[in-house]
Amino acid sequence: MMAAKLNPDKRVMAICGDGGFMMNSQEMETAVREKLNLVIVVLDDSSYGMIRWKQAHAGFPDWGLQFGNPDFVAYANSYGATGHRITRTEDLVPTFEKAFEAGGVHLVDVPVDYSENQRVLIDELAAKTCLI
Ligand SMILES: Cc1ncc(C[n+]2csc(CCOP(=O)(O)OP(=O)(O)O)c2C)c(N)n1
């Protein structure tokens, strides 16, 4: 929010996990009141995803790391911001473009799928960095 405040002519995007976002989401009121130009991306997996994934990788039971979310589009709209939901990958960039062009505070709800984490972040990364 401060980046947007200090740089009103630049495109500012906040990329948040759904868990982290919901710990401070009431600050959308400030962003709207301050008339900021800000695009908030919420990576929506209804979990503390990285913790869940790391714990699974370490062999711990999967417990207490999933939660329900509000309807993020309705939630953003209720603050006077503009909510968007991505349902197709090809809509992602055009939605960002439209949000930046419109100005004001936008929330973009982006469902994410961690099922490829093992392949991308462990197997392929290790191979590319000669760790195996
Ligand atoms: C106020 C506060 N409480 C708890 C934590 C511990 N913590 C660090 S990351 C995390 C989970 C974040 O989940 P999310 O934002 O959904 O990110 P994901 O890993 O799913 O992308 C938590 C609970 C924290 N950093 N701050």
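When a residue number appears, it is its place in the shown sequence, counting from 1. Whatever order the structure lists them in is the order used to number ligands and atoms, beginning at 1.
- Although no hydrogens or angles enter the test, the distance criterion places no donor-acceptor pair under 3.5 Å between the side chain of Ser78 and the main chain of Ala76.
- In terms of protein heavy-atom proximity, atom 21 (O) of ligand 1 is nearest to Tyr114 OH, 2.9 Å.
- When hydrogens are left out, the protein atom nearest atom 19 (O) of ligand 1 is Met50 N, 2.8 Å; that is the closest non-hydrogen contact.
- Where the criterion is an N or O separation shorter than 3.5 Å, residue side chain and backbone included, Gly19 meets it with respect to ligand 1.
- For a threshold of 3.5 Å applied to N or O pairs, the pair formed by Ile51 and ligand 1 contains no separation below that value.
- Proximity to Gly20 (heavy-atom distance under 4.0 Å) selects the following atoms of ligand 1: 14 (P), 15 (O).
- By the criterion of a heavy-atom distance under 4.0 Å, the backbone of Ser47, and not its side chain, is placed next to ligand 1.
- When distances from atom 3 (N) of ligand 1 to the protein are checked, a heavy atom turns up under 4.0 Å.
- Counting only distance, with no hydrogens or angles, the side chain of Asp18 and the backbone of Asp45 share a donor-acceptor pair below 3.5 Å.
- Side chains of Asp123 and Gln118: a donor-acceptor N/O pair is present below 3.5 angstrom, by distance only.
- Between Lys98 and Glu101 no salt bridge is recorded (no basic side-chain N to carboxylate O distance below 4.0 Å).
- Between Tyr79 and Tyr75, the gap from one ring centroid to the other is short of 6.0 Å.
- Evaluated by nearest non-hydrogen atom to atom 1 (C) of ligand 1, the leading choice among Met22, Met23, Arg52 is Met23.
- How far CZ of Arg52 is from NE2 of His57: 15.5 Å, rounded to the nearest 0.5 Å.
- Remark: minimum distance from atom 20 (O) of ligand 1 to any protein heavy atom is reached at Gly49 N, 2.7 Å.
- There is no protein heavy atom less than 4.0 angstrom from atom 6 (C) of ligand 1.
- From Leu65, atom CG reaches atom CZ of Phe60 across 11.5 Å, with rounding to the nearest 0.5 Å.
- Between Arg85 and Asp44 there is no salt bridge, since none of the side-chain N atoms of the basic residue sits less than 4.0 Å from a carboxylate O of the acidic one.
- With respect to atom 17 (O) of ligand 1, the closest heavy atom belonging to the protein is Gly17 CA, 3.8 Å.
- Distances between N or O atoms of Tyr48 and those of ligand 1 include no value under 3.5 Å.
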Table please: side-chain donor-acceptor pairs of residues 6-17 below 3.5 Å, with sequence neighbours left out.
| residue | atom | partner | partner atom | Å |
| --- | --- | --- | --- | --- |
| Asn7 | ND2 | Ala3 | O | 2.9 |
| Arg11 | NH1 | Glu97 | OE1 | 3.2 |
| Arg11 | NH2 | Glu97 | OE1 | 3.1 |

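- Only the side chain of Asp45 comes within contact range of ligand 1, with a heavy atom under 4.0 Å; no backbone atom does.
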